[in-house]
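Right, one structure below, let's go through it.
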Number of protein chains: 2
Amino acid sequence: MGDQRAKDGKNTASDARTKPDATMSGADAMSSHVVTSADVAHAAGVSRSTVSRCMAGDPRISEATRERVQSIAAELGYHVNKIASSMNRRKSDLIGLVTSGLSDPFRIEFLDCLIGEIQQSGYRPLVIDVSDPAQMGRSMLNLLQYQVAGVVVTSGSPSPEIGTHYLRRNVPVVLVNRAGRLEGADVINCDNVLGGQLAADYFLAAGKKRLAFLNVRGGTYSGNVRGESFVSRLAPHLASGQISFRTLVCDSADYDGGFAAGLKYLVERENAPDAVFCAKDHIALGLLDAARFELGLKVPDDVSVIGFDDIVAARQGAYQLTTVRQSPQSLARMTVDRLHRRIGGESLGDERLILPVDLVVRKTA
Amino acid sequence: MGDQRAKDGKNTASDARTKPDATMSGADAMSSHVVTSADVAHAAGVSRSTVSRCMAGDPRISEATRERVQSIAAELGYHVNKIASSMNRRKSDLIGLVTSGLSDPFRIEFLDCLIGEIQQSGYRPLVIDVSDPAQMGRSMLNLLQYQVAGVVVTSGSPSPEIGTHYLRRNVPVVLVNRAGRLEGADVINCDNVLGGQLAADYFLAAGKKRLAFLNVRGGTYSGNVRGESFVSRLAPHLASGQISFRTLVCDSADYDGGFAAGLKYLVERENAPDAVFCAKDHIALGLLDAARFELGLKVPDDVSVIGFDDIVAARQGAYQLTTVRQSPQSLARMTVDRLHRRIGGESLGDERLILPVDLVVRKTA
DNA sequence: TCGTTGAATGCACACGTGTGCACAACGAAT
DNA sequence: ATTCGTTGTGCACACGTGTGCATTCAACGA
């Protein structure tokens, strides 16, 4: 209440005078006052420094006092003020999570794992949504205001200029399944190239003739790489004229988009593709439903479908989607591992890390 | 670098001496130094206070200086240090989001809206995952360490003891679709009672005879209320023996759980229910697939299904689920509205708010 | 010319913590 | 007994901001 202007130096010998309101020094009498380290120090008869060191587990503190101080702290209900701590150390234990909405199923699964990993490492996720790509720069700068210890970008591509800001402040950045190569940042991708090849090989082995790749209009980075790898694996057979290939486009990057695309492209019985590789699982699911229920096609006989990601819905009884699997757990684990090491001061060159994928054969191809 | 111990008071008349490294006062020469309000003040020839007031838009500052300071701030790349600010004001602009994993589809949609609303109100969401209910208390206390401005609980039930901690610190709490009534906290629910009644009425009007309610093992608060309301609406007809009712239980709260339950309960042709009201949409979807594809039942003729929530998947072509709709947007909007007003100092009694629901009739009932 | 008023800005704190350095206590070795 | 090393604590800063209060300054009326 009163401006307790008791600076550290005063409680050397004259203890009673430093606390003007010594009357209410009973356990938790003053109920509307948040207990600080000074309170604990006072109660334990030690200095604030000692309290601080006890809470941090400084080995220079004798075990006896540590125990005593900690028990008193618990009794008083003291919790370190992380804001003050962050201010002092010029670094918080927050990790920025840049994403855009919670609609992409795989991204949700990844975020789920990521949040778990972050928490388990003693950090806290600070989510920031950039639905408008133009706000990307502002948002990432804004994140810096919170003294974040690191940032994970799962959507959008930060400009190089942003990168230098982060570099200057020594705040590590990890781009996950993103295009941009950012100076001083790690870029982690699943093996999109291998994924495309696996799909191509499988279709070829199955004797499919009219192959297609279904991408989102505009195309995402990951989608483009998958498609290019797919078609380049097809190249030899294309040259010899044994098979045909075309690229299909759907208007929205979700189930409905895939559904609409299915109605549009699979309707013509003769020229329609008999094998479709989809850039993302949930698009594949839409396509699948259109084929099976709207057009009455047999899957995989009339048309084969392979997706990408292996989201949970792909495993469900109704779909049993054949797909290229990437592991959100591995992705998340590697992400925070890199962050953790960089935060710890380890200096790693900016690398481009690639995680394995494999083809999970179910019932749609 | 050197301990610039230039306190405020010193730069009254002797300006040059306060900055020991006056040599590199060119725009942004010293690259590894984060620019503070003091730098801006120095560059603009005003005091730190003025800079602070300019950034905050204090009306007492003349428009001329405000513009000048702001342009200089922009030029120098100055951004307010929110940690320091939070420390001073003893309140951050973070809002804690207590959840458990990202698996429940409706909760994801709600969080999506919620994050948007929070951001739009100038706050930032700090996510915290409590998969282990035993960690609930510790987690919510931990949140307090970040000086959060408010908290939204979407999973688990905080103990009254936690409530008093928040009450003491004047940090508002909103429980969404939760059971517990917490002192000083708002509780927002959708109209579970009406939802159950709507489902019951619809089944009765359709002439269904063997009704059932599919709940999760153990039962969530919302689920229980929905089921109880459903069966109590059925009571008169049950008494007259025209219909029968039973409660079904599935082992996991997801699609697979519903699928398994479908296989288990719908297999017996005669006694199997001909109308099932499900506690949650994604369970309903599992049940639906089991009925249609595994057991070859006709929906809604052989068995009618009504879900709850109206998640996006329910609207998809493959399902067309009839369900009780609640609006994640409204829920989110009301949540941050309450938070916002409470943070602003408005003192509202702890209320129990109920949002409307309605029945969306599609093709499964 | 002087006092008064209002507007604009500067001063001096306070917020709660971490940490380098100094210092005290104390046992051991000479 | 004196010196030295070791172990445990305390002191005094610094982190970057917001804000009550004092102060300055110009304008204005008497």
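Proteins get letters first, then strands, A, B, ... in listed order; numbering begins at 1 in each.
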Tell me whether the side-chain N/O atoms of [X] come closer than 4.0 Å to OP1 or OP2 in [N].
X	N	value
B/S47	C/dT9	no
B/Y78	D/dT17	yes
B/T50	C/dG10	yes
B/S85	D/dT17	no

Between atom [atom1] in [X] and atom [atom2] in [N], what is the gap in whole Å?
X	N	atom1	atom2	result
B/I83	D/dG16	CD1	P	12 Å
A/Q145	D/dT17	CD	P	10 Å
B/R90	C/dT17	CZ	P	12 Å
A/H79	C/dT17	NE2	C1'	16 Å
A/M87	C/dC15	CE	P	12 Å
A/H42	D/dG10	NE2	P	14 Å
A/K91	C/dT17	NZ	C1'	17 Å
A/K82	D/dC15	NZ	C1'	18 Å

query: Between B/S52 and B/S49, is any side-chain donor less than 3.5 angstrom from a side-chain acceptor?
result: no

task: Assess the side chains of B/S86 and B/S92: does a donor N or O sit below 3.5 Å from an acceptor N or O?
output: no

Let me have the donor-acceptor pairs involving side chains of residues 128-144 of chain A, under 3.5 Å, with sequence neighbours excluded, atom names and distances please.
from   : atom 1 : to     : atom 2 : distance (Å)
A/D129 : OD1    : A/S131 : N      : 3.2
A/D129 : OD1    : A/S131 : OG     : 2.6
A/D129 : OD2    : A/G101 : N      : 2.6
A/D132 : OD1    : A/A134 : N      : 3.0
A/Q135 : OE1    : A/R138 : NE     : 3.4
A/S139 : OG     : A/Q135 : O      : 2.9
A/N142 : OD1    : B/R124 : NE     : 3.2
A/N142 : OD1    : B/R124 : NH2    : 3.0
A/N142 : ND2    : A/Q145 : OE1    : 2.8

message: Going by side chain to side chain donor-acceptor pair (under 3.5 Å), name the residues that satisfy it together with A/R178, two or more places apart in sequence or in a different chain.
response: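 Result, side chain to side chain donor-acceptor pair (under 3.5 Å) vs A/R178: none returned.
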
message: Once hydrogens and angles are ignored, does a donor-acceptor distance under 3.5 Å link the base of C/dG18 to the side chain of A/R48?
response: yes

field: A/S49 (side chain) and D/dC11 (base): donor-acceptor pair under 3.5 Å
entry: yes

query: Tell me the salt bridge (Lys or Arg N to Asp or Glu O under 4.0 Å) pairs involving residues 49-58 of chain A, sequence neighbours left out?
result: A/D58-A/R60

message: Applying salt bridge (Lys or Arg N to Asp or Glu O under 4.0 Å) as the test, list every pair that has at least one member in residues 87-96 of chain B; sequence neighbours left out.
response: B/K82-B/D93

message: Nearest to the B/R89 side chain among D/dG18, C/dC11, C/dC15, which nucleotide is it?
response: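 Looking only at heavy atoms from C-beta outward on B/R89, the closest nucleotide is D/dG18.
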
- prompt: What's the closest nucleotide to the A/N88 side chain, out of C/dT17, C/dC15, D/dG18?
  reply: C/dT17

field: Pairing residues for B/E63 by the salt bridge (charged side-chain N to carboxylate O under 4.0 Å, His left out) criterion, not counting sequence neighbours
entry: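 With sequence neighbours excluded, B/E63 shows a salt bridge (charged side-chain N to carboxylate O under 4.0 Å, His left out) to no residue whatsoever.
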
message: Contact list please: residues 52-67 of chain A against DNA chain D, heavy atoms, distance less than 4.0 Å, in numerical order.
response: A/R53, A/R60, A/I61, A/S62, A/T65

